[in-house]
Amino acid sequence: MEKTATIGCDTWKNASVRNIRLGQTVVNRSDKACDMGQQLDPLPSLRDTSIQQSNARIHAYVRATRAVLVKLQENLLDTNEEIKSLIKGKETLEKTLEHIRKDIVLNNKSTSIRKTRPPREKSPDGADDLLTAERKHLLKLKRILEAQLRSAQKQLQVLDANRKRLRAAVQERSRVMDLICHAVSSVRGAGIKDQIERPSTPEVEPLGPYTPECARVISEAADARQRSSTLRKEVAEAIEQTIKLQKAAHNSVNDGLTQKVAETVSMRQHLQVGGGELRMSIHRSKRWYNATEMALGYTLGPVAYSDLTTREHLDRPTVKIFQRHPGNQLPEAREIGRGGQGLQESLNATARNIGLLKLTKDRIDSDASDKHHASLIDSNVVRDRRRHANHRWVLTGIGY
């Protein structure tokens, strides 16, 4: 290209060239900016996209929160059921403890009634030992059941505290559940398909749906339920063992008292037989006493000397003639005196025997009477224990 001659000055020309070049530079920069804008600038759908992303994040968070709520609600329901079961066990324990207290009262009553026996029958026997052993056994069972009752009450308080924390966690987590279905409590009644489709529990995150507080509450509630289940088993075993031992002790005392009544009645019958034999011996002794007294009267003869016949005189004619020779002495008077003395001694001995027989008979009759009253008292104790064995009577005013 040939250069043509220019008329304008170079300064004027250079200024225009610079402007042209500047324009090209600006155009190139603008084109590059447009290209970069096409690559980096947000699309016109940014607002909708941002809304959709936020909604997806919200929905994911809410679903995860609902899974946490399901788990919290399940633990809450399990805790409620465990509280109900433990309350039933506690009520059964209280009923058994009441039966133990009634048996202690019945034992004291039985002991008090047996103290009203006659003094002869108050000596300690096997029935007293059985009553003492039963009382010690019942007091031991009472202490064991009271300890179990205190443990059950303490565990109920722990479960109630865990239930309150679970409810608080449920309320706190459900604050973001206003726009979805709240039928979380019906998850237990859902079908297998619903259980399969149930979302899994998310990971524990301080700012996530499953917070450390929720995890801690669920863990502590599970531990409390486990301890409560173990305690319920221990309480059930203690109640079962207590009932067995209680019945065994009760039946043992009843059998012992019944045997004592049978022994007392048998002894009373033997005493009555002995009393009858003594009565017959007294009659025989009295007949012998009368016969001996009559013989003594015959031996001593009449009271008045004038009533003696001639043949009874010690100085009758035959004796006088016999005693004319020296040394002819008769032992008649001596024998009569000795015989009277022997009969008198026999009378005294028989009288002493009759008195001893009467005294012995009175003692045996008194013993038989005491045995009769003692058997009646023991029979009343047995009847009273059997009548109150069903524990349906009211326990009032007793500090046990």
Nearest heavy atoms of [X] and [Y], plus distance in Å:
X      : Y      : value
Pro212 : Pro206 : CD-CA, 3.6 Å
Thr65  : Arg173 : CG2-O, 3.3 Å
Ala374 : Thr264 : CB-CG2, 4.4 Å
Ala224 : Asn162 : CB-ND2, 3.7 Å
Leu130 : Gly256 : CD1-CA, 3.6 Å
Lys371 : Leu271 : CG-CD1, 3.9 Å

Give a yes or no on whether [X] and [Y] share a hydrophobic cluster (residues Ile, Leu, Val, Met, Phe, Trp, Tyr; joining criterion: side-chain heavy atoms under 4.5 Å apart).
X      : Y      : answer
Val68  : Ile58  : yes
Met177 : Val217 : yes
Leu106 : Val381 : no
Leu93  : Leu97  : yes
Val170 : Val62  : yes

**Request:** Quickly, which of Arg232, Arg227, Glu234 forms a side-chain contact (heavy atoms from CB on, under 4.5 Å) with Thr230? Name it, please.
**Result:**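 Single pass found, and it is Glu234.
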Between the side chains of [X] and [Y], does any donor sit under 3.5 Å from an acceptor?
X      : Y      : result
Glu82  : Ser228 : yes
Arg385 : His250 : yes
Asn55  : His59  : no
Arg163 : Asn80  : yes
Arg120 : Ser366 : yes
Asn108 : Arg135 : yes

Donor-acceptor contact present, side-chain [X] to main-chain [Y], <3.5 Å:
X      : Y      : value
Ser369 : Asp365 : no
Ser281 : Glu277 : no
Lys90  : Leu149 : no

Once rounded to the nearest 0.5 Å, what's the spacing between atom [atom1] of [X] and atom [atom2] of [Y]?
X      : Y      : atom1 : atom2 : result
Asp384 : Ile377 : CG    : CD1   : 13.0 Å
Lys140 : His137 : NZ    : NE2   : 7.5 Å
Arg114 : Lys109 : CZ    : NZ    : 15.5 Å
Arg165 : Thr79  : CZ    : OG1   : 11.5 Å
Cys214 : Leu69  : SG    : CG    : 8.0 Å
Leu131 : Thr111 : CG    : OG1   : 4.5 Å

Heavy-atom check, side chain of [X] versus side chain of [Y], under 4.5 Å:
X      : Y      : answer
Asn19  : Gln24  : no
Arg284 : Arg287 : yes
Leu72  : Tyr210 : no
Ser346 : Tyr289 : no
Ser285 : Leu357 : yes

Any salt bridge linking [X] with [Y]? Criterion: basic side-chain nitrogen under 4.0 Å from a carboxylate oxygen.
X      : Y      : answer
Lys71  : Glu74  : no
Glu213 : Arg216 : yes
Asp35  : Lys32  : no
Arg101 : Glu146 : yes
Asp362 : Lys358 : no
Glu81  : Arg225 : no
Asp128 : Arg117 : yes

Pair up each side-chain donor or acceptor in residues 237-249 with any protein partner under 3.5 Å, not counting sequence neighbours, and list the distances.
from   : atom 1 : to     : atom 2 : distance (Å)
Thr242 : OG1    : Ala238 : O      : 2.6
Gln246 : NE2    : Asp103 : OD2    : 2.2
Gln246 : NE2    : His391 : NE2    : 3.3

**Message:** Pair Asp367, Glu121 - check side-chain contact (heavy atoms from CB on, under 4.5 Å), show working.
**Reply:** CA-CA 9 Å; Asp367 194 0; Glu121 301 297 321; 3.7 Å; yes
Apply salt bridge (Lys or Arg N to Asp or Glu O under 4.0 Å) to [X] and list each qualifying residue two or more places apart in sequence or on a separate chain.
X      : value
Asp255 : none
Arg268 : none
Lys233 : none

**Prompt:** CZ of Arg363: more than 12 outside heavy atoms within 6.0 angstrom?
**Reply:**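 Atom CZ in Arg363 is not packed in, count stays at 12 or less.
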**side-chain contact (heavy atoms from CB on, under 4.5 Å) partners for Thr360, two or more places apart** =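 By the side-chain contact (heavy atoms from CB on, under 4.5 Å) rule, Thr360 matches Leu278, Leu356, Ile364.
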**Item:** Partner set under side-chain contact (heavy atoms from CB on, under 4.5 Å) for Ile87, not counting sequence neighbours
**Value:**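 So Ile87 forms a side-chain contact (heavy atoms from CB on, under 4.5 Å) with Ile83, Glu91, Leu156.
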